[in-house]
Structures are given as C-alpha cells and as structure tokens.
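Okay, structure first, notes after.
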Amino acid sequence: MQSAARMRLRICVVAGLGWALSGPLNAQTAVQLPAITVYSPRVANQDPVAGYVMPVSALRYEPRVDLQTRSLAEGQADVTIRGGIFENTGFRIGAVTVTDPQTGHYLAELPIAPPMLGAPEVLTGADLAAAVTNATVGAISYGWRRIRNGGDAQGGGGPHGLWQGELYQAASAPVPRLGATVGVDVDVAHSESNGPIALADHRFDRFNARLQVTRGNAQTDFFAGYQAKFFGWPNLYTPFNSAESDSLQTMLVAANHRVDLGDGNFVEAGVYERRNKDDYSFNRFAPLGPAHPYQHTTWQNGAAAALRQEVGLFTLTVRGEVLGDFLKSTSLTAGRYHSRTLTKLAVIPERDWTAPSGTRTILKLGATYDGSNRDGAAVSPVASLERQFSSALIRRIYASYAQTTQEPTYTALNSSATSGLFRGNPNLGRETSRNLEIGGEGALARWAVEGAAFVRRDDSLVDWTFQRGVIARTANAVDVDTAGVELVARRSWSAVDVTLGYTILAKHPDYRGARVDASFYALNYARQRLTAAATVRLGHGLELRIDNDARIQAPNLLRMSGGNRAWLTSVGLGFRPAAWPRVELTAQIDNLWNSPFEEIPAVPPAPREWSMGASYVW
C-alpha cells in the first residue's frame, strides 16, 4: 500500500477515453479509437495526481474558471467565475440546475463519472440568465454523453500511501422492437491516502449506473450515483490551527430527455433528487455530542423543461424550472425557515437577419422571472445583439446585458448571529447581479481567439468576513462593482497543442457601513491571472502535458503564507508502447515548484505531490 510505484486500477472511461486524455497518437502506435473530448479540451492534465477524476478535476486550469482548493481539488474546491464567489456559481446537468442549498462549498459534490458527461461549457451573462436557476455570475454546464461500447481500466499510486482505482464498463445495442438503441454504463471508483502533510488523509468511493435509450436525435438518460468522501486538512475552514475534517455522503438520481431538432433548436426536460449529508468536525478527535455539532443533511428536488423553436419570424427560447429543498441540521437552526421552493421562467424571443454579404445579425430581447415562497420575486431583463461574419478573421462580435438573482444558502441564513464559528444573518435577502459585456471570436495568425470585456454590479452579495477581536467569520451583505477582461487563445500544430488564457479584474466593494477587516471570498481574487496549457507529442508513444497558472492576487491580511504572487505548475508524461497500443503508462507531478501560496486565505496549501499510473482501453 505504501509503495510509490503502486499501480492504480481505475476502470472509468468508454472506449476512446485514453485517446481523449492523451491526444492523437503518432502513426506508429495509432489505435482506431473515437476522438472524444472527455473533459475540458483547454486543459492538458485532466486526471488528478491524488484522488480519482471528478467533474471538478479538469476545472483547475480552465482559463475561465478560478478553482480555489482546500486540500486537493477533489476533496473541497470553490468554483469561482469572473471574480465571483463559490455561492454565485451553478452547475447544470442536462436540463436541470444542480445546487447545494446548505453552502456553495459543496456545489461541486456531483457523484458522476466524467466519462458519462460531455465537455464542460462555461456560461456567463445572457447565456447564464437563460439557462440556469439561482446563480448570478457563472455556471458550468454539462450534457449527457452517448454511451459507446467499451471500457477503460486505470490505476496508480504514489507516496503517503496513495492508491486509487476505478472501474467503468459500457455496452449498447439496437433493440428492433423498440426502434431504438439501449445502452448501460457503470462506474466504481476508490482513492485513499495518508496525505502530504499531517492530518491530511482522505478516502473516497463512488458508484454510478446509467441506462440510456436513443432514437435518432432523441436521447433519454436515467442515472443513479452515490459518493462517500472523508478528508482531513488543518485549518480546513477556520484559521485556528485545529485538526479539521469533513465527511460527505452524496446521492443523486436523475432522468433527462433531449431531442435535437436541427439548426440549434431542441426540446429538453429533466428531473432529479440530490441528498447531501455533511459531518464537519472542527476537531476531528472530539467525541460525538455537543463537541461535534456540525451535522447537516439537505434534500433537493428539481424539474426543468426548455424549448427552442422557430415561431413565425422569430425563434423563441422558453425555459422553466422548479427547485425544492429541505434542511435537517444540528447547528443551522437560528433562521426563519428550513425548507423552500424556487421557481424560474425565462422567455427570450430572437430575430435574425442575413445580409447579401453573408453577415448575420441576431437580436435577443427577453426576460426572466425568479420566485421563492420565502422571499419576494424578481423580473430581470435579458438582451443581446450579435453579428456573425463569414470572414475567417472575425467570426462574431456581440454585446449583451443581463440581470440574474439568487437566494442565500442555509449556512448564511441559519447560523447563529451571535455565537459559533460561523455567524449568519436570517435577514439576508435576494442577491442581484447586473452584467454588461462586449466580446467576440475570431482567428489571428492561425490562433483561435475569443475574449470579452465586462462590468458587473453585485447587490446584496453574501460574503464571509473577518473582524479583529471576533473569533468567527460573519455573513455580511456587500455591494461590489467588478470590471474585467477575459482572453483565451488556442492553436494546434502537428505535434503540439497550446491553450493560453488571461484574465484581469478590478473590484470596488461597499459593505454598507459594517466593520470588515478582511474578506475570505469576495475579495479573494486574482487581479491578473495567466494560464498556459501545452500537450507535446514527442514521438515513439511519448506525450508531455504541462499546465500553468501564474497570478497576482489581491492583498488579503488573512493570507498567512505564499504572498500575493504565485506560479502553479502540473507536469505529466504519458507513454504508449508500440507493442501494446491500448496501454498507457503515466507519471505526474502537481505543484512542481512547491509553491506555498494559499488559494483560500489561512488554508495551508498542498505541497508538491506526484503519482504514477497505467491504463488499458478496450
């Protein structure tokens, strides 16, 4: 168990995952596997060093996502977009929005094997307003991937008793009586380690099963997943040098049906239920009882339906969603309620015109409605103007304005306002975000380039703040003005793929007179961030994969080490022997420079880690 060379046996991908992770093989070792992008195509190392792969794994070096991790990303990570915080972000799986009503820290607890999902899409602005419920800044959207016959076995290990394994198998066949193809895929995954520092151990387990029925352009998925995670980390959520740990058990069942009608038109509907049990320990060695008070269970049910279809001279997009949640907790008991219902309706007509030159103009003018049985409702405008060109230099330019709203989580609403480690406010209300941006896509010197400049106003954003003399963090409403620019460029050569990303942000907060000495989240952002990913095919079956994240962080007095500048690098090497083209041997190092930078203030960073592994695809 302790051997650094222990092989992981992770069987997790449909036929073709090895191809997708490692890029095209050279001609001498080519295997005719489907060229599928399984995770983000803009990230080189898409498997983690420690822990099995999760949907959050490929987001760490995603140019448009700033993943702020505690311990390893697969343990706990805050998903932030465009300078927002972990609770401004949403996840959409198929038709439905999957959120965590207790705290956005558990937003990424999705017990789904990534090979079952398509590549992630980052939604912001008008796209976010039309497609997601209860998220104000951005969302990660996944579709359900079609099942293919085959499987993949991978496994590996490293120091500190690290070993990990995963098993995935998929099968599909036509059923003439149904006039359809029926497929089934299953996944089992496990990871454990003593941790790279003291009291930083983890143990993860995941079980998935899916049934899929496809007829032409129609696809129906039935999914069930369960994941159990235990992980420890000093100062996991508080800066008091305590041996903290978190134990999570997440269950998700979902059904989704989608029909693609052509020309971007579709019909999609889905339902789901998610249960998340959380047992957080400020002191993991304290006995159960009064000294072990942070135990919570949340249930969330959701149903959504969306349609995009031509109606006369217009194309109409309509989406409706209902989310219901319920909280049972030993400590989140000070608020006004422990259950609620959220509703959303988006109606967005669009009209397009095509000029003789081939230039196409698209105008969207619509609105969304957000309601809650615990708070007032909001009607929000959505508007965008886009021009698409036949020119290879400029593909499209656009301008958009959108307003989005959301309700706070139970940790902010129901924590005691006068005692405890986390102090809430039952009077926190609906948060509102207004986003104005311009952007475009095109080509420059054979680089595919996309970018956007935006200004955003967040009103009543719920932030967690620090005040000298108060041994707790407090939920405070803050108004924040954010301005930023995002740029992403990609290019491929015969032997090299490169993706570059750059983001610059500026923020101006107003805490409405509340005394705030530091912010854990709203003011924890990169003023400038550069990402660089490269996949280099060296020949003879060798492939080098490099991810970089260089940043200048806004100053924060809570940050204890690493300063405000950081350069984080992950390096991986893959080898496919000519004699066994379906086998890949891998070695990977994370935090190559052993940076002491704290991604979340006062939380110790993970030191340099490495692992080795192997995979077999069939």
Side-chain angles (χ1 to χ4, degrees), residues 64 81-84 88-90 92 97 121-139 141 263-266 268 304-321 342-355 359-371 376-389 394-406 430-442 450-461 479-486:
R64 299 187 63 200
I81 297 173
R82 285 189 172 180
N88 299 148
T89 308
R92 193 182 74 173
T97 304
E121 180 184 1
V122 180
L123 303 179
T124 57
D127 293 334
L128 172 72
V132 178
T133 301
N134 214 47
T136 55
V137 175
S141 177
D263 296 324
N265 299 319
F266 66 90
E268 187 169 27
L307 165 71
R308 185 180 188 273
Q309 180 63 60
E310 284 88 1
V311 181
L313 298 175
F314 294 88
T315 298
L316 183 64
T317 298
V318 179
R319 180 178 185 273
E321 185 162 32
L342 305 177
T343 57
K344 179 162 185 173
L345 176 65
V347 180
I348 304 177
E350 66 180 81
R351 177 76 189 275
D352 66 271
W353 301 266
T354 302
T359 299
R360 186 183 180 199
T361 302
I362 304 170
L363 175 65
K364 299 180 182 179
L365 290 173
T368 65
Y369 168 86
D370 290 279
V379 176
S380 305
V382 180
S384 71
L385 179 63
E386 178 179 337
R387 299 201 73 183
Q388 299 177 353
F389 303 90
I394 301 176
R395 287 179 49 201
R396 73 176 187 120
I397 58 174
Y398 70 90
S400 72
Y401 174 81
Q403 178 176 294
T404 50
T405 76
Q406 73 178 104
R430 184 177 293 278
E431 306 171 43
T432 303
S433 181
R434 299 172 179 87
N435 184 84
L436 175 66
E437 68 179 273
I438 58 172
E441 299 176 10
E450 60 182 281
F454 64 91
V455 292
R456 187 179 70 246
R457 170 75 176 189
D458 295 313
D459 290 326
S460 302
L461 168 71
D479 302 330
V480 184
D481 293 319
T482 304
V485 174
E486 288 181 333

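Just so it is clear, the values below take in all heavy atoms, side chains as well, and ignore hydrogens, waters and symmetry mates.
Side-chain atoms of Arg430 come within 3.5 Å of backbone atoms of Gly376 as a donor-acceptor pair (strictly under, hydrogens ignored). The main-chain N or O of Val132 is found under 3.5 Å from a side-chain atom of Lys344 such that the two form a donor-acceptor pair. One N or O on the side chain of Arg319 and one on the backbone of Ala131 form a donor-acceptor pair closer than 3.5 Å.
Remark: Arg395 is not positioned above the aromatic ring of Phe389, lacking an NZ or CZ atom under 6.0 angstrom from the ring centre and at most 45 degrees off the axis.
In this structure, Ala129 and Ala346 approach most closely via the heavy-atom pair O-CB, 4.4 Å. Nearest heavy atoms, Ala483 versus Val455: CB-CG1, 4.0 Å. Of all heavy-atom pairs spanning Ser460 and Asp479, the tightest one is N-OD1, 2.9 Å. Considering every non-hydrogen atom in both Thr89 and Ala139, the closest pair reads CG2-CA, 4.3 Å. Taking all atoms of both residues into account, the shortest heavy-atom contact from Ser141 to Leu123 is CB-CD1, 3.8 Å. Here the closest heavy-atom approach between residue Tyr398 and residue Gly440 is recorded as CE2-N, 3.7 Å.
Remark: Arg92 does not engage Glu321 in a salt bridge, criterion side-chain N to carboxylate O under 4.0 Å.
By the 4.5 Å heavy-atom criterion applied to side chains, Arg360 and Ile362 are counted as neighbours. Within the 4.5 Å cutoff, side-chain heavy atoms of Phe454 are placed close to those of Asn435. By the 4.5 Å heavy-atom criterion applied to side chains, Glu450 and Glu486 are not counted as neighbours.
Counted by atom type alone, Asp459 and Thr432 present zero donor-acceptor pairs between their side chains at under 3.5 Å. Between the side chains of Arg434 and Thr404, not a single donor N or O lies within less than 3.5 Å of an accepting N or O. Residues Ser380 and Gln403 have side chains that bring a donor and an acceptor to within less than 3.5 angstrom of each other. Counted by atom type alone, Glu437 and Tyr401 present zero donor-acceptor pairs between their side chains at under 3.5 Å. Arg308 and Asn265 share a donor-acceptor pair across their side chains, judged by distance under 3.5 Å alone.
Atom CG in Leu342 sits 9.0 Å away from atom OG1 in Thr405 (nearest 0.5 Å). Note that the CD1 atom of Ile394 and the CD atom of Glu441 stand 12.0 Å from one another [nearest 0.5 Å].
Among Val137, Asn88, Leu461, Asp370, the one residue that satisfies the side-chain contact (heavy atoms from CB on, under 4.5 Å) test with Gln406 is Asn88.
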